[in-house]
Amino acid sequence: MGTLNGFRALETSCGALLRELQHVWTEIGESDADRDKMLMELERECLQVYRRKVDEASNTKARLHQSVTAKEAELAVLRASLGELTPHSPGDKRPKSLKEQLASVTPLLDDLRVKKEERIKQFADVKLQIEKINGEISGYNHVADTDPSNVEEHDLSLRKLNEYHTQLRALQKEKSDRLHKVLEYVNEVHSLCGVLGLEFGKTVSEVHPSLHETGIGQSTNISNDTLEGLSLAVMKLKAEKRCRTQKLKDIVKSLFELWSLMDTSEEERRRFGKVACVLGSPEEEVSHSGILSPEMIEQTEAEVGRLTKLKASRMKELVLKRRLDLEEVCRRAHIEPDMSTAPDKSSAMIDSGLVDPSELLSKIEAQIASAKEESLNRKEILDRIDKWLAACEEENWLEDYNQDENRYSAQRGVHLNLKRAERARITVTKLPSIIDNLMHRTFSWEEEKNMPFLYDGVRLVAILEEYKLRRQQKEEEKRRYRDQKKLQDLLLTEKEAMYGSKPSPKRNSSFNRKTSNGYRANGNGNGSMTPTPRRGSVGSATPELLTPRSHSGRHNGYFKESRRLSTAPLNFVAISKEDTMSYASVSIYGSEQGSPPRG
């Protein structure tokens with residue numbers, strides 16, 4: 001509408017000028033030909049001006065169309081590269097002018113260009129990190145900075161960027177795992193170097209310098225070569241640790257043997273207390289710093305060498321000492337030691353030079369080991385023997401207790417003795433079964449070992465059989481004593497009837513003196529006396545129970561030179577010298593208490 005009005009205004013102004021020109025020509029007197037000619041020129045000039053303007057407008061249109069087309073094409077490319085969809089505006093379907101199209105495309109294009117630059121930087125940063133981590137994994141750490149212009153621009157979509165981020169996260173995880181593994185190896189190397197006394201920095205630097213010193217901009221190398229190098233270093237250090245540990249254990253074992261032989265003081269042993277713990281520890285627990293260092297091993301070897309030289313100068317003393325140890329082991333096991341290495345004989349052989357002290361010491365060591373092994377084989381039977389001897393001790397105590405006139409008096413501790421007496425009676429009743437079980441086990445042992453079981457040089461079965469026989473004789477003697485006591489009571493009754501009263505105390509005193517001198521009534525009714533052996537007599541006709549003296553010696557804290565079984569009695573049938581009660585008083589006591597004296 002505005003353009004049409006413009007043309008109309010132009011026609012009005014041109015017509016007015018043309019009429020004015022006609023009026024001027026009329027006044028001038030121009031001819032019609034001249035007028036037509038000038039009008040033709042004027043029309044031609046107007047056409048030229050219009051043509052020029054039309055051409056200029058056409059050129060402008062062409063440029064605008066080209067610009068719009070180019071920007072739309074670039075917009076399409078950017079959208080395709082960035083992975084963005086083309087927006088649709090169905091509400092506006094009217095055709096737009098070129099300038100309007102250009103005005104609408106230009107801001108969109110500018111926004112996409114900015115977004116593209118940012119996306120390119122993101123791609124460049126991700127690819128740089130990927131290349132850097134790949135370089136660290138491959139061992140090539142010098143990665144050039146990625147130029148954003150080198151980024152492929154045909155695909156800058158978020159999908160592609162996410163793919164790069166996924167790849168980057170995978171590489172970062174692999175890097176973290178590798179770095180963790182490298183640190184584990186390095187810590188293990190550090191621990192092993194500390195135990196072995198080696199220089200940690202030098203050891204890991206041989207694998208890769210970055211493991212010990214990391215410069216500016218230099219990271220810890222995590223390549224496959226580094227991991228393999230660290231693994232190989234750990235294997236070598238473990239092998240060296242295993243070798244040194246075994247070597248030190250052998251040295252410490254010898255050191256312990258020398259300490260035992262030489263009676264080394266605790267103060268001297270304390271100097272090597274750190275290495276002494278290696279002997280009983282597994283290889284994994286040997287972790288003290290410097291414990292396997294060459295210096296520590298050399299010091300221990302030097303101590304072993306010093307003690308070995310000292311051992312050679314004190315060999316005779318050591319031989320006699322180990323012989324005493326052998327005798328102690330044999331004493332505890334109640335076996336006879338080998339007399340080929342007796343102290344007098346060993347001393348004589350060493351002084352005469354007939355035997356090497358080291359060989360003699362080795363022989364004694366072998367005998368000690370054999371005695372300990374035999375002691376383990378005999379342990380079960382020895383425990384049964386101790387049980388039997390304990391029962392015998394209880395029987396002796398019970399007999400002494402039964403002869404105590406004051407056992408029921410109101411004294412302090414009487415109730416404890418009563419309880420013990422009850423337990424002792426139960427134990428004594430079990431003595432026959434204890435003996436039978438011990439004999440049965442001894443026969444089984446002898447059949448299994450095909451050899452007799454000796455107790456301090458005497459066959460145990462013979463001891464037990466003798467004990468059973470003496471015990472039967474003791475019971476028979478007790479039975480005779482009871483019959484004798486009944487007869488004595490009958491005699492006393494007859495004397496009371498004859499004299500009309502009990503025997504005078506003077507007669508009882510005379511009777512006491514006779515019985516205390518070792519005589520007692522023989523039970524034949526004529527009042528004659530038979531000699532009674534004293535308590536300490538051995539080998540007499542009086543029955544005595546045969547038990548090992550070593551048992552009572554163990555309780556008294558006294559050991560004699562002889563290791564043989566003693567035939568000293570534990571129980572006695574006859575009235576001993578130290579018994580002060582006469583038979584008259586015994587009879588009265590027996591009639592009151594109803595129990596025989598100790599037999």
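Residues take their numbers from the sequence shown, with the count starting at 1.
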- Query: Does a sphere of radius 6.0 Å around NZ in Lys115 hold more than 12 heavy atoms from other residues, nucleotides or ligands, not counting ones at 6.0 Å or beyond?
  - Reply: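 No.
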- Message: A quick test of your reading: do over 12 heavy atoms of other residues, nucleotides or ligands sit less than 6.0 Å from NZ of Lys99?
- Response: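 Open.
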- Task: Using a 4.5 Å cut-off on heavy atoms from C-beta on, say whether the side chain of Trp25 contacts that of Met38.
- Result: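 Contact flag for Met38/Trp25 side chains = yes.
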- Message: Evaluate Asp225 against Ser223 for side chain to side chain donor-acceptor pair (under 3.5 Å), listing each step before the verdict.
- Response: CA-CA 5 Å; Asp225 293 339; Ser223 64; 5.0 Å; no
- Task: Start with the C-alpha distance between Glu301 and Lys247, add both sets of side-chain angles, then the distance that settles salt bridge (charged side-chain N to carboxylate O under 4.0 Å, His left out), and finish with yes or no.
- Result: CA-CA 10 Å; Glu301 285 181 333; Lys247 181 178 180 180; 3.7 Å; yes
- Salt bridge present between Lys238 and Glu188 (N-O < 4.0 angstrom): yes
- Message: Whether Glu184 and Lys181 form a salt bridge (side-chain N of Lys/Arg under 4.0 Å from carboxylate O of Asp/Glu) is what I want to check.
- Response: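 No.
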- After noting the C-alpha distance and the side-chain angles of Thr69 and Gln66, does the key distance pass the side-chain contact (heavy atoms from CB on, under 4.5 Å) rule? CA-CA 5 Å; Thr69 303; Gln66 183 180 3; 5.7 Å; no
- Verify side chain to side chain donor-acceptor pair (under 3.5 Å) between Arg322 and Ser346, making sure each step is shown before the conclusion. CA-CA 11 Å; Arg322 295 304 287 169; Ser346 298; over 6 Å; no
- For the pair Phe123 and Tyr164, name the ring-plane relationship: parallel under 30°, tilted 30 to 60°, perpendicular over 60°. perpendicular
- Task: Would you sort out whether Lys173 and Arg169 count as a side-chain contact (heavy atoms from CB on, under 4.5 Å), showing the intermediate values?
- Result: CA-CA 6 Å; Lys173 184 179 183 305; Arg169 285 192 294 269; over 6 Å; no
- Do Arg331 and Glu328 pass the salt bridge (charged side-chain N to carboxylate O under 4.0 Å, His left out) test, and can you show the C-alpha distance, the side-chain angles, and the key distance before you say yes or no? CA-CA 5 Å; Arg331 183 195 64 77; Glu328 177 63 19; 2.7 Å; yes
- Are the side chain of Ser81 and the backbone of Val77 linked by a donor-acceptor contact shorter than 3.5 Å? no
